[in-house]
Amino acid sequence: MQKKNSNGKNYIGLMSGTSADGIDAVLVCFSSPRKLKIKATHKQAFSTEIRAQIQTLIHSGQNDLEAAAELDVILGESFADAALHVLEQANLSVKQISAIGSHGQTLRHRPNSKHPFSIQIGNPAVIAARTGITTVANFRIADIAAGGQGAPLVPAFHHWMFRSSRSNRVILNIGGIANVSYLPSDIKSPVLGFDTGPGNLHLLLGDPYFQIAPPKSTGREYFHLGWLKAFMEKLPHPISAQDVQATLSHLSAQSIIQAIRIWLAGTNEVYVCGGGSHNQHLMAILKENLAGACLQTTEALGLHPDWVEATAFAWLAHRTLTGRPGNLPNVTGAKKAVILGGIYKAG
Ligand SMILES: Nc1ncnc2c1ncn2[C@@H]1O[C@H](COP(=O)(O)OP(=O)(O)O)[C@@H](O)[C@H]1O
Ligand SMILES: [Mg+2]
């Protein structure tokens, strides 16, 4: 029998973002203070069929409950596969893992509606049953119930992992939607965080979303192809696909730059993570326009940009199991800090 790791706690983090490109899985060992070690990583692309099902259900008007419930279970199986993959890769046994933290796949995020909600699928009971590992999931709803946006939830982890007493840092996660965490050097100043808008989804700067002061969060219900078409119909002449693409790239960059300039003016250093950190064009525009701040990827702080989000959900599961809050009320707008997530026990 393998011995339990006495120096820290092993968690698996599972993440699938708005891009619906696939599952990011990490096996990470947390030890205090502020130490973590990634033991295994795995990217599991969704099949064309699963991606098509997600794309269908992600848009408003598609309210097929049965299809959503089935996809919930199908994704639960996929998330379980991804977890078992990193477990095998790390050469650890089920007993050596404290829990899985699974973000799930967002189908709807409506924190501002009359009856606010956020729906993430990827059935956690299925994940717990298939892996034999206790699974924490549905992280957003407790924050929403406490009056918050339910998002972003990663700033608490960013603060734990990346803060510095010497400089004001921004962690910029560029996925389908981009979000920022502002980590002030002064421990007494509050951490800030919000979604800046589309990251790789690409869309347009005159939109009122960009002017709204945080707390704010958004998703594909708002930034989608119909949003772009409505904008293009207002143009006097049709423009080429290449011009649309180039414009959208700039829009993603400019909305991020604008958000940092207006709301996070004291920023000294920016560290990028998420798939957008691989987009050299986007990174070059950011670098040029954020000249007052040093721009690098989170690799410079010891965590590869591809695994920050999944690691954050492993960390959030750790918070939940140890009875500690995971939200930052100042970021999400919740009335108070709350313990996040439902716990689905294995066995
Ligand atoms: N090499 C690359 N060049 C440009 N863009 C990339 C590259 N790799 C990934 N991306 C972009 O990153 C997105 C996925 O990033 P990810 O952080 O997984 O986002 P999400 O959390 O929304 O799934 C892809 O949809 C793609 O647009
Ligand atoms: Mg992704």
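Order of listing sets the numbers, starting from 1, for every ligand and every atom in it. Sequence positions, counted from 1, serve as the residue numbers for this chain.
- Counting only distance, with no hydrogens or angles, the side chain of N327 and the backbone of K336 share a donor-acceptor pair below 3.5 Å.
- Close contacts of ligand 1 with G274, meaning ligand atoms under 4.0 Å from a residue heavy atom, involve 17 (O).
- At a 3.5 angstrom cut-off on N or O pairs, T18 counts as close to ligand 1.
- A side-chain donor-acceptor contact under 3.5 Å links N330 to the backbone of V191.
- For R34, the side-chain contact (heavy atoms from CB on, under 4.5 Å) partners are W160, R163, not counting sequence neighbours.
- One option in L282, D21, I177 has a heavy atom closer to atom 14 (C) of ligand 1 than any other, and that option is D21.
- When hydrophobic side chains of Ile, Leu, Val, Met, Phe, Trp and Tyr are connected at separations under 4.5 Å, V73 ends up clustered with V126.
- Of the listed residues (G17, G275, A178), the one carrying the non-hydrogen atom nearest atom 15 (O) of ligand 1 is G275.
- Remark: ligand 1 atoms within the under-4.0 Å shell around heavy atoms of G276 are 12 (O).
- In this structure, H318 and F30 have parallel ring planes: the angle between them is below the 30° cut-off, well short of the 60° mark.
- When H281, M283, H278 are checked for heavy-atom proximity to atom 3 (N) of ligand 1, H278 turns out nearest.
- Atoms of ligand 1 found under 4.0 Å from any heavy atom of G176 (numbered from 1 in listed order, with element): 19 (O), 20 (P), 22 (O).
- I97 places a side-chain heavy atom less than 4.5 Å from the side chain of L27.
- In terms of heavy atoms, N168 sits closest to G266 at ND2-O, 2.9 Å.
- Separation of the F162 and Y271 ring centroids does not fall under the 6.0 Å cut-off.
- The number of protein N/O/S atoms found under 2.8 Å from the Mg ion (ligand 2) is 1.
- Under the side-chain contact (heavy atoms from CB on, under 4.5 Å) criterion, D21 pairs with S19, sequence neighbours left out.
- The shortest N/O to N/O separation between S19 and ligand 1 falls below 3.5 Å.
- Remark: side-chain polar atoms of Q53 are not paired, donor with acceptor, to backbone N or O of L71 under 3.5 angstrom.
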